[in-house]
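Each chain gets a letter, A, B and so on, in the order its sequence line appears, and its residues count up from 1.
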Number of protein chains: 2
Amino acid sequence: MPWRNGTGPPWIHGKFQGCGYRLTMPRQVIMDVLSQTSEHLSAEDIYLAVHKIYPAIGLTTVYRTLEILVQMGLVFKFDFGDGRARYELSEGPKSIGHHHHLVCSGCGRIIDYTDFIDDEVELLKKTEKGLSKKYNFKITNHLIQFYGLCDKCQ
Amino acid sequence: MPWRNGTGPPWIHGKFQGCGYRLTMPRQVIMDVLSQTSEHLSAEDIYLAVHKIYPAIGLTTVYRTLEILVQMGLVFKFDFGDGRARYELSEGPKSIGHHHHLVCSGCGRIIDYTDFIDDEVELLKKTEKGLSKKYNFKITNHLIQFYGLCDKCQ
DNA sequence: TATTTATTGATAATGGTTTTCATTATTAAT
DNA sequence: ATTAATAATGAAAACCATTATCAATAAATA
Ligand SMILES: [Mn+2]
Ligand SMILES: [Mn+2]
Ligand SMILES: [Zn+2]
Ligand SMILES: [Zn+2]
């Protein structure tokens, strides 16, 4: 369920302030665009979408905002191997929570999956604990992707 | 144990021919460089290392060769988020087989780990089977990375 | 109000990777 | 062996996603 036009959920504002940032119009609109898609948009994709709502925005601001959002943990940044970064809201959209990706080497299609996530997460927890201890490495995040060919490409 | 100078294991030659490629001197030397390190080299790293042995080589050839090696499955290409691709022989070196990575967000250090690989691989097998069926997706490869802070950076 | 600070967008620069193209090496055919 | 076709190479130029610069504007603070 998208938030009402251009506002976003209330806690976002506090989150921004808490990190010493201002929740400006460009930033709100970028969040809105991300919250209303289930695709994995590039910076330019986002720029084009935002531009329709807020024509004054510049591509530079999109990049800068995305950097902030990633750093705040609101957005994930991915590399699927097509030469440009892709971004995804870390919460949602539409209650699609934490998930991993299937990446088609043929056509570049990205499939979100949440199947087996429970088993995966359980193992990840265990693995993280072991690795943290052995290497004294503080794990904050993980990346899991499967590569192969989608139904149309094999 | 590195192969003797500039030759590589015998089966490599056949592998190249089988894919319609010639095993030339630049390609051999690039393979040698990759086989004699446990680091995750960038194209330029490889270029510089190869250049000492084979000064006539160009960076272009390094890129082209790496593309071929990746496509043949002899080399893995990684993105650890530092803006350049990194390459690693898929076999070895020194009998370090299949492994995953810890990536330090602080200093960029990469740690290879094989711990828990057995459990992971077991789960991956199961997951792959399930995903292949549900999405009719033919999985050929997977990527697992943990991000966080190494001992020196936390 | 005056002053500081953060944000923005146009433009230019950066830098890893790809393309182009003429040359050379290798293979196949004669 | 000679010749003809094909593959591989390297220098240079082009590409293109991302970053840095900088002057202008908006917001927060004193
Ligand atoms: Mn996704
Ligand atoms: Mn490795
Ligand atoms: Zn596909
Ligand atoms: Zn570190």
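Residue A:Gln154 places its CD atom among more than 12 non-hydrogen atoms of other residues, nucleotides or ligands, all under 6.0 Å distant.
The nearest whole Å value for the distance from the OH atom in B:Tyr47 to the P atom in D:dA11 is 7 Å. If you take CZ of B:Arg22 and C1' of D:dT6, they are 6 Å apart, rounded to a whole angstrom. Residue B:Phe16 contributes atom CZ, which lies 14 Å from atom P of C:dT27 at whole-angstrom precision. Straight-line distance from the NE2 atom of B:His13 to the C1' atom of C:dT27: 12 Å, rounded to whole Å. Spacing between atom CD1 of B:Ile68 and atom P of C:dT17 amounts to 17 Å, rounded to whole angstrom units. Here D:dA14 presents its P atom at 19 Å from OH of B:Tyr63, a figure rounded to the nearest Å. Put simply, CD on B:Glu67 is 10 Å from C1' on C:dT17, counting in whole angstrom units. Rounded to an integer number of Å, the gap from CG of A:Leu59 to P of D:dC16 is 15 Å.
Within the nucleic acid shown, B:Arg27 comes within 4.0 Å of sugar-phosphate atoms alone, with no base atom in reach, counting heavy atoms only.
For B:Arg84, the listed nucleotide lying nearest its side chain is C:dT17; candidates were C:dT8, D:dA11, C:dT17. Listed candidates were D:dT9, D:dA8, C:dA10. Nearest to the side chain of B:Arg64 is D:dT9. Distance from the side chain of B:Ala56 is smallest for D:dG10 among the nucleotides D:dG10, C:dG9, C:dT7.
Ion pairing between B:Asp45 and B:Arg84 fails under the 4.0 Å rule for side-chain N and carboxylate O. At a threshold of 4.0 Å, the pair A:Asp32-A:Arg27 does not count as salt-bridged, since none of the basic side-chain nitrogens sits closer than that to a carboxylate oxygen.
Residue-to-nucleotide proximity on DNA chain C shows that, of B:Gln17 and A:Pro26, the 5′-proximal contact is made by A:Pro26. Two residues, B:Thr24 and B:Glu44, neighbour DNA chain C, and the one matched to the more 5' nucleotide by heavy-atom proximity is B:Glu44.
OP1 or OP2 of D:dG10 lies within a sub-4.0 Å distance of a side-chain N or O belonging to B:Thr61.
The aromatic rings of B:Phe78 and B:Phe80 sit parallel, their planes meeting at an angle under 30°, below the 60° perpendicular limit.
Among B:His99, B:Glu120, B:His101, the one residue that satisfies the side-chain hydrogen bond (donor to acceptor under 3.5 Å, both in side chains) test with B:Tyr113 is B:Glu120.
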